[in-house]
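Everything on this sheet refers to the single structure shown next.
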Amino acid sequence: MGHEFDVIVIGGGHAGAEAAWAAAGALGPGGSVALVTMDPARIGTMSCNPAIGGLGKGQIVREIDALGGMMGRVADATGIMFKVLNASRGAAVRGPRCQNDKYAYAAEVQRLLSTRPSITVIAGTVARLLLDGDGAMRGVLVPAGGGPVMPDRILAGSPGNHESIAQPIYPTRPTDQDRFQEPTELAARAVILTTGTFMRALMHTGEQQVEGGRAGEGSAFGISGMLDELGFELGRLKTGTPPRLDIESIEWDALESQSGDESPLPFSDMTDRDRFPVLRQVQCRVTGTAPEAHELIRENLSRAPMYSGAIDAESGPRYCPSIEDKVVRFEDRESHHVFLEPESLFTNEIYCNGISTSLPEDVQERLVHSMPGCEQARILRWGYAVEYDMVRPHQLDSTGMTRLVHGLFLAGQINGTSGYEEAGGQGLVAGLNAARLVRSESLVTLGREQAYIGVMMDDLVTRTPREPYRMFTSRAEHRLLLRSDNADERLTAWGREHGLVDEQRWASWSARSAELERIRSLFEKKVSGSPRLSDLARRQDASVTTLTELACERGGVDVEHTLVARVATELQYEGYINRQRAEVRRQERNESTRIPADLQPTSIHGLRNEARDALLRYRPATLGQAARVEGITPADLTLIALAVRRHVPVG
């Protein structure tokens with residue numbers, strides 16, 4: 001096997017998998033991608049909650065799918081409970097979500113990757129990033145013992161044949177004849193780092209400390225040092241996970257149940273509706289913490305690394321806090337909900353959503369046993385906190401490439417984000433742009449008005465996260481334009497233009513687009529003695545079911561319920577949507593006005609020192625981006641815009 005590739009991806013989590021998939025797709029026939037990961041059998045692992053989507057996050061999954069990515073397809077193939085959150089509220093804030101079989105999910109990610117022969121999976125770590133004489137990427141160094149692995153046969157239990165626990169497709173190690181007998185250079189002009197929570201990672205359960213970024217796995221120590229040597233500013237964050245329980249030891253039927261939607265909707269436009277959902281659907285249960293448990297936690301805060309100072313990190317996830325955090329921050333609350341969620345159809349593992357913790361084992365046990373229905377629960381795995389290094393993302397641009405090293409891209413939790421969905425979106429952007437760099441094509445970005453992925457990438461490069469970044473609908477100022485139901489209209493043509501969307505998906509979208517136009521025309525069609533469907537749709541009491549029935553009658557053929565719902569939403573919110581589009585047009589000038597790379601902030605007369613420092617730190621690419629940078633006021637922006645207009649390029 002040769003050791004030259006177009007793109008190298010380091011890390012096999014959700015960012016790495018999407019990056020490899022996108023790079024292979026964008027490179028096209030003849031391209032080559034190496035995916036280097038410590039344990040190929042763990043590619044696609046759902047290390048925390050085995051769920052995909054949610055508020056803001058579900059929109060990202062739909063966008064990944066519209067752009068040809070994997071996450072939506074995998075979620076549909078392995079989902080065991082589908083539910084649209086905020087279904088009773090406005091269309092802009094609804095979020096599709098599903099609970100997944102975590103073993104089937106990883107197996108399906110691996111199966112899809114194995115269908116692209118241009119992707120070579122290499123078991124191993126990276127000892128060093130290799131740069132050429134100009135300081136640009138030229139490859140990586142893999143220690144002896146690593147090497148390529150071939151996908152094993154697809155075992156029973158993988159999606160489509162769920163008779164037992166889904167097994168990984170990739171063996172954990174290369175065969176003897178394929179092992180690198182000495183440190184080996186893998187050459188590539190573009191390298192994507194997706195190290196997740198593994199950089200200099202340390203796990204905590206009470207006073208116990210174990211090196212590693214995930215239970216049962218190791219830590220990547222060398223990469224932090226390499227990045228520091230290259231001049232990157234690093235930070236340190238923390239996150240956590242709750243204990244897992246044995247379902248057979250829980251009084252399951254005595255607890256309040258939570259069910260999925262009666263008519264679940266898939267994430268992916270490529271999912272066969274006639275065969276969906278693929279897997280048996282399950283229910284979750286709801287329990288909660290008790291006042292005595294809160295007192296127990298307060299008494300043991302000194303033994304919780306989140307509070308004892310044992311964790312050397314700036315902050316944890318504010319929006320997914322540990323139970324220690326909740327008890328301290330919401331001291332008047334006597335109880336917090338805990339959602340008991342099955343992790344697989346084929347095991348007894350129950351995820352305790354709501355009690356992420358770093359408390360010692362004896363306290364965790366008493367906490368769990370205080371919850372109704374869990375008095376006799378057996379704990380299969382203790383909760384733990386993990387602290388890890390990240391790269392401050394102001395050192396990137398919105399393409400995912402670093403400003404310090406040409407050809408080095410970062411995606412996922414290394415950038416200070418949290419969540420599979422945020423990681424997958426970044427991986428797709430980085431994979432696409434790495435491929436474009438190799439092909440000597442200009443790098444591309446998604447705008448805030450185009451996608452939640454664009455909102456996220458812009459947020460990361462204009463602000464320094466002090467806590468793991470999580471997507472919410474409230475982060476998107478144009479969220480009525482960025483609904484989960486119209487991701488294909490917004491992005492599939494863009495993905496096609498940039499090589500991410502294959503023939504099958506393009507044909508599917510073309511047919512759906514034509515059907516949408518037919519339905520829109522049908523809604524405007526005048527029928528003697530009857531109101532137009534568009535007039536009915538604008539009413540507050542409009543029923544999508546009734547509109548669908550009327551559309552079928554007036555059109556003479558069946559119409560798809562979800563497409564009718566989309567058209568009805570457009571009409572119901574027409575005024576608001578038009579105002580948001582007008583606002584986007586007003587902002588276009590600033591968003592398209594680029595700030596010259598050689599414009600020196602110190603040369604801008606009258607600019608405040610804080611604004612100069614912000615320009616130097618964040619290096620915004622456009623005036624629109626500069627307007628969102630921390631430390632830049634509207635008055636500063638006026639001076640910057642004037643300097644841009646007067647700027648004379650050097651040379």
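Computed from heavy atoms alone, side chains included, the values below leave out hydrogens, waters and symmetry copies.
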| query | Short question: side chain of Asn49, backbone of Asn353 - any donor-acceptor pair under 3.5 Å? | reply | no
| request: Have a look at Glu349 and tell me which of Arg244, Lys102, Arg378 forms a salt bridge (charged side-chain N to carboxylate O under 4.0 Å, His left out) with it. | output: Lys102
| said: Let's go through Cys98 and Met81 carefully: what are the C-alpha distance in whole Å and the side-chain angles of both, what is the deciding distance for side chain to side chain contact (heavy atoms under 4.5 Å, CB included) to 0.1 Å, and is it a yes or a no? | reply: CA-CA 5 Å; Cys98 71; Met81 192 181 90; over 6 Å; no
| query | Can Thr172 and Asp39 be counted as having a side-chain donor-acceptor contact under 3.5 angstrom? | reply | no
| Are Arg496 and Thr492 close enough that some pair of their side-chain heavy atoms sits under 4.5 Å apart? | no
| Contacts of Arg116 that satisfy side-chain hydrogen bond (donor to acceptor under 3.5 Å, both in side chains) - sequence neighbours left out | none
| message | Let's go through Glu341 and Arg97 carefully: what are the C-alpha distance in whole Å and the side-chain angles of both, what is the deciding distance for salt bridge (charged side-chain N to carboxylate O under 4.0 Å, His left out) to 0.1 Å, and is it a yes or a no? | response | CA-CA 13 Å; Glu341 302 171 335; Arg97 181 187 187 272; 3.5 Å; yes
| task | Could you tell me whether Glu449 and Arg479 have a side-chain N and a carboxylate O separated by less than 4.0 Å? | result | no
| Cationic tip of Arg475 above Tyr469 ring, under 6.0 Å, 45° of axis | yes
| query | Do the ring centers of His14 and Tyr105 come within less than 6.0 Å of each other? | reply | yes
| message | Can you confirm if the aromatic rings of Phe82 and Phe276 lie within a centre distance of less than 6.0 Å? | response | yes
| Between Thr194 (side chain) and Ile10 (backbone), is there a donor-acceptor pair under 3.5 Å? | yes
| Taking only residues at least two apart or on different chains, which pairs with a member in residues 14-27 satisfy salt bridge (Lys or Arg N to Asp or Glu O under 4.0 Å)? | none
| message | A quick test of your reading: do over 12 heavy atoms of other residues, nucleotides or ligands sit less than 6.0 Å from CZ of Arg273? | response | yes
| message | Listing request: all salt bridge (Lys or Arg N to Asp or Glu O under 4.0 Å) pairs with a residue in residues 47-65, at least two apart in sequence or in separate chains. | response | Lys57-Glu421, Lys57-Glu422, Arg62-Asp269, Glu63-Arg490, Asp65-Arg505
